[in-house]
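Here is the structure we will look at, set down as structure tokens.
Everything numeric in this text was worked out from a predicted model, so none of it was measured. One is the number of the first residue; the rest follow in order along the sequence.
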Amino acid sequence: MGSLAAATAQTAPAQPPVQAFAVPEELSAPALSPDGKHLASIEVHAGKRIGVVRTLDPAGVPAVGIPIDQGFLVRAQWVSNERLLLTVNVNMRFWGENVKPWFRTFTVDTKGQNMAVMFSDNEARNYNYGTATVSDLAMDDPDHIYMPIFDNANNATLRNWDGQAFRYSMFRVNVKDGTSERVSVGGPQTGQWIMDGHGKVVGRVDKSLNPPIDHLLVNTNGEWKEIQSASSLGRDGIGVVGLTRDGKGFIETAQFGDAKTTGLVSHNIADGKDATIFSDPKYDIGAALRDPWDQRVLGVTVTADQDADHYFDDDMQALQRGISGAFPGNTVHAVSWDMAKTKVVLQVEGPKFPPTYFLLDRVTHSASPLASSYSTLEENQLGEMKPYPYKARDGLDIPAYITLPPGKTAKNLPVVVMPHGGPMARDQIGFDWMAQFLANRGYAVLQPNFRGSDGYGHKFLKAGYGEWGGKMQDDVTDGVKKLIADGIADPKRICIVGWSYGGYAALSGAAFTPDLYACAVGGAGVYDLKKFLDTRAKDYGKDSDMIASWSLFIGDRSKDADKLAAASPAKNADKIKIPVLLVHGKDDYTVRIDQTEAMDEALRQAGKKVTTIIIPGESHYLQKMETRVQWLTELEKFLKENIGN
């Protein structure tokens, strides 16, 4: 830590307006057409996301904008050279007051016209939260794609679904008019389909609920045969990520070594034997890298402190070495390419390098910039982000990161502790718009990956089981105490701020370590654990794998009632001594608004100082620019009042 404490103060950088940090990515989800002649993307214009199609060949053709009246565009995907698939996330009220995130898909031509809604002729689309999954593009049939949805149910059975009423069926969907034809019917508990890239169903995964078991079945001439089964409790189970390149086996996730990190194996269909494809002794794979056209697995992303892509395909690995070398110290991904792999879209990102996209022409060996997110920010306005590992009180190594305010010496600083959401997620080195905003305003930001965080192996993940509000919270506390001991933090100017699970951690910090923090901010947090589990049980079924998974971390909603109450900030509001800010989107389905309402009521009844802001029309994910502006504005004001800057 000597290098941090010895950091030399520099001239204080300018403070850009809140809007500079609040703007969503100016360009995202770039996708090249199969022939490389068009580039689609989601872009922000006048604060709103729209679809955009650019013609690359011939050059000079004006770009086409595709506005969206309702919801948020989340994906652009070419299904042929002539048709583009767009996916929209729409929060809709369903069965009374519940608000759920419904995903809908439609296609347009290269001019943004001749729209067709997928499953246009299928009433079952109205009973599915998502009609967005594309299992197979089947590029040799440009007029059709393959998409699964739940069908064979009516509204009455949908209300009380117990896992038996629906069938997850595979449909062949016409991309020009949206009409659909069922090609395969799942079993009562089918949860995943595996296709071959040419419109043929190869396998499926069925998920038993009680006990939770995954069953892998293969399709042989229309007959289904089970070839593998495994318990699916927690994050175990059968994780099929695709087919081997020769189509003779499934590529699945598996656990390796003492840390039980997640890697990949191939499971041969004929003899059932597994062969290791990739593993890392310290870190889980973060994602499988697939060919966008046939969905075959080409590699993996692994995150140590930063993302790194590893390809099994020699040509793609050579490309990765070249592009990584061109931007040292930053994360570089090939995010889209044409079928010939002559044109590639690159994304480059680092703590001081907001996500920026380039178009690489591998024939001419030239790269041209497409767009830079947060384009008004300058490097000297952004904070340096470094690893800040420490040991928890029981000796467990806790990975963490610290972002230091530019122009300040790393000593006696006001600090914002920012635990991540999930909690089965993690922070890493990269551009974090919220952390960089806080650093720009003069705060050091600590982001701890407490036990139960994802990415460090199942052993580390499972160390969080039963520790929601226990050792998971202690890990956060121990990081704060190290900052104080290292002289980085002013012990009287520390605020804990979090969103989702981080909101829970923030209010727990206020309730259960009341002398450690000067203020607390909870965004869309879980504050009453039993109420949260009861809501989940109502939504997904009391015996669902969702409830089983949450119970591993939190506890049983019936048997552990006392434990749940003891770990719930809303049940312990009388212990809080510091000012509290609560923020929540009214249309949040992931964590319902009643969590913040309960916390607000408990604080007010206990006579505590609380400011509560409810944002109409916002979901769990701060998707609107105006919402982000409001969030950062209120946060900056609250921090300045309570810990200065």
Side-chain angles (χ1 to χ4, degrees), residues 24 49 68-75 87-105 124-133 149-150 153 155 158-163 166 168 191 420-425 468 498-504 506-507 522-542 544-551 553-554 557 568 570 582-600 612-628 630-631:
R49 290 181 173 93
I68 303 299
D69 295 332
Q70 185 181 18
F72 305 92
L73 275 173
V74 296
R75 183 180 64 176
T87 299
V88 181
N89 178 356
V90 184
N91 283 324
M92 299 180 67
R93 296 198 177 276
F94 190 56
W95 303 329
E97 292 302 310
N98 289 347
V99 177
K100 298 184 183 292
W102 283 37
F103 293 86
R104 290 292 178 261
T105 51
R125 72 182 185 279
N126 297 321
Y127 308 134
N128 281 259
Y129 298 150
T131 59
T133 301
I149 61 170
F150 290 98
N155 198 24
L158 189 64
R159 278 181 181 273
N160 301 295
W161 179 40
D162 61 0
F166 285 118
Y168 197 44
H420 61 70
M424 296 83 78
W468 186 303
W499 197 270
S500 196
Y501 175 84
Y504 166 82
L507 271 294
V526 177
Y527 309 120
D528 185 326
L529 298 182
K530 187 175 187 306
K531 182 189 288 286
F532 174 76
L533 289 175
D534 286 345
T535 300
R536 281 289 189 267
K538 182 179 178 182
D539 287 344
Y540 297 98
K542 60 183 178 62
S544 66
D545 56 353
M546 173 73 74
I547 286 296
S549 179
W550 280 116
S551 297
F553 278 93
I554 301 174
R557 65 194 186 98
S568 294
L582 300 175
V583 180
H584 210 133
K586 189 173 183 180
D587 288 349
D588 189 338
Y589 171 69
T590 305
V591 177
R592 302 291 171 76
I593 189 68
D594 62 2
Q595 289 288 326
T596 289
E597 291 170 344
M599 190 73 240
D600 174 81
T612 300
I613 298 171
I614 305 301
I615 305 174
E618 184 56 81
S619 70
H620 191 67
Y621 301 103
L622 291 172
Q623 293 170 304
K624 298 179 179 179
M625 179 175 175
E626 56 266 34
T627 299
R628 292 187 178 192
Q630 184 178 4
W631 159 247

Self-check item: For W631, ring-ring contact (aromatic ring centres under 6.0 Å, His included) partners two or more places apart
Solution: W499

Practice problem: Kindly say whether L529 contributes a backbone atom to a donor-acceptor pair with the side chain of S568 at under 3.5 angstrom? | Solution: yes

Quiz item: Out of curiosity, E597 CD to I614 CD1, how far, rounded to the nearest 0.5 Å?
Solution: 6.5 Å

Quiz item: Mind checking what makes ring-ring contact (aromatic ring centres under 6.0 Å, His included) contact with F553, not counting sequence neighbours?
Solution: Y465

Self-check item: side chain to side chain contact (heavy atoms under 4.5 Å, CB included) partners for A132, two or more places apart
Solution: R75, T87, F103, T105

Quiz item: Listed by chain and number, what are the side-chain hydrogen bond (donor to acceptor under 3.5 Å, both in side chains) partners of D594, not counting sequence neighbours?
Solution: none

Quiz item: Nearest heavy-atom pair of G585 and I593: which atoms, and what distance?
Solution: O-CD1, 4.0 Å

Self-check item: Residues forming a ring-ring contact (aromatic ring centres under 6.0 Å, His included) with H420, sequence neighbours excluded
Solution: F450

Self-check item: R536 side, atom CZ; S551 side, atom OG - distance, nearest 0.5 Å
Solution: 12.0 Å

Practice problem: Take K542 and R557 through the side-chain contact (heavy atoms from CB on, under 4.5 Å) test and state the conclusion after the steps. | Solution: CA-CA 10 Å; K542 60 183 178 62; R557 65 194 186 98; 3.7 Å; yes

Self-check item: Residues that T535 engages under side-chain hydrogen bond (donor to acceptor under 3.5 Å, both in side chains), provided they are two or more places apart
Solution: none

Quiz item: Just by distance, do the side chain of Q595 and the backbone of V526 share a donor-acceptor pair under 3.5 Å?
Solution: no

Quiz prompt | Intermediate values then yes/no, side-chain contact (heavy atoms from CB on, under 4.5 Å), H584 and V591 | solution = CA-CA 9 Å; H584 210 133; V591 177; 3.9 Å; yes

Practice problem: Output the distance between atom CD1 (I547) and atom CG (D534), rounded to the nearest 0.5 Å. | Solution: 8.0 Å

Quiz item: Quick one: salt bridge (Lys or Arg N to Asp or Glu O under 4.0 Å) partners of K624, sequence neighbours excluded?
Solution: none

Exercise. Using a 4.5 Å cut-off on heavy atoms from C-beta on, say whether the side chain of W550 contacts that of F532.
Key: yes

Quiz prompt | Any E618 side-chain heavy atom under 4.5 Å of D588 side chain | solution = no

Quiz item: Between T627 and I615, which heavy-atom pair has the shortest distance, and what is it?
Solution: CG2-CD1, 3.6 Å

Quiz item: Does S500 have any side-chain hydrogen bond (donor to acceptor under 3.5 Å, both in side chains) partners at least two apart in sequence or in another chain, and if so, which?
Solution: H620

Practice problem: Could you tell me the separation between the CD1 atom of I613 and the CD atom of Q630, rounded to the nearest 0.5 Å? | Solution: 6.0 Å

Quiz item: Who are the side chain to side chain contact (heavy atoms under 4.5 Å, CB included) partners of V88, not counting sequence neighbours?
Solution: I68, L73, V90, F106

Quiz item: Can you name the ring-ring contact (aromatic ring centres under 6.0 Å, His included) partners of Y504, sequence neighbours left out?
Solution: W468, Y501

Quiz item: G422 and A425: which non-hydrogen atoms are nearest, and at how many Å?
Solution: CA-CB, 4.4 Å

Quiz item: Mind checking what makes side-chain hydrogen bond (donor to acceptor under 3.5 Å, both in side chains) contact with R125, not counting sequence neighbours?
Solution: none

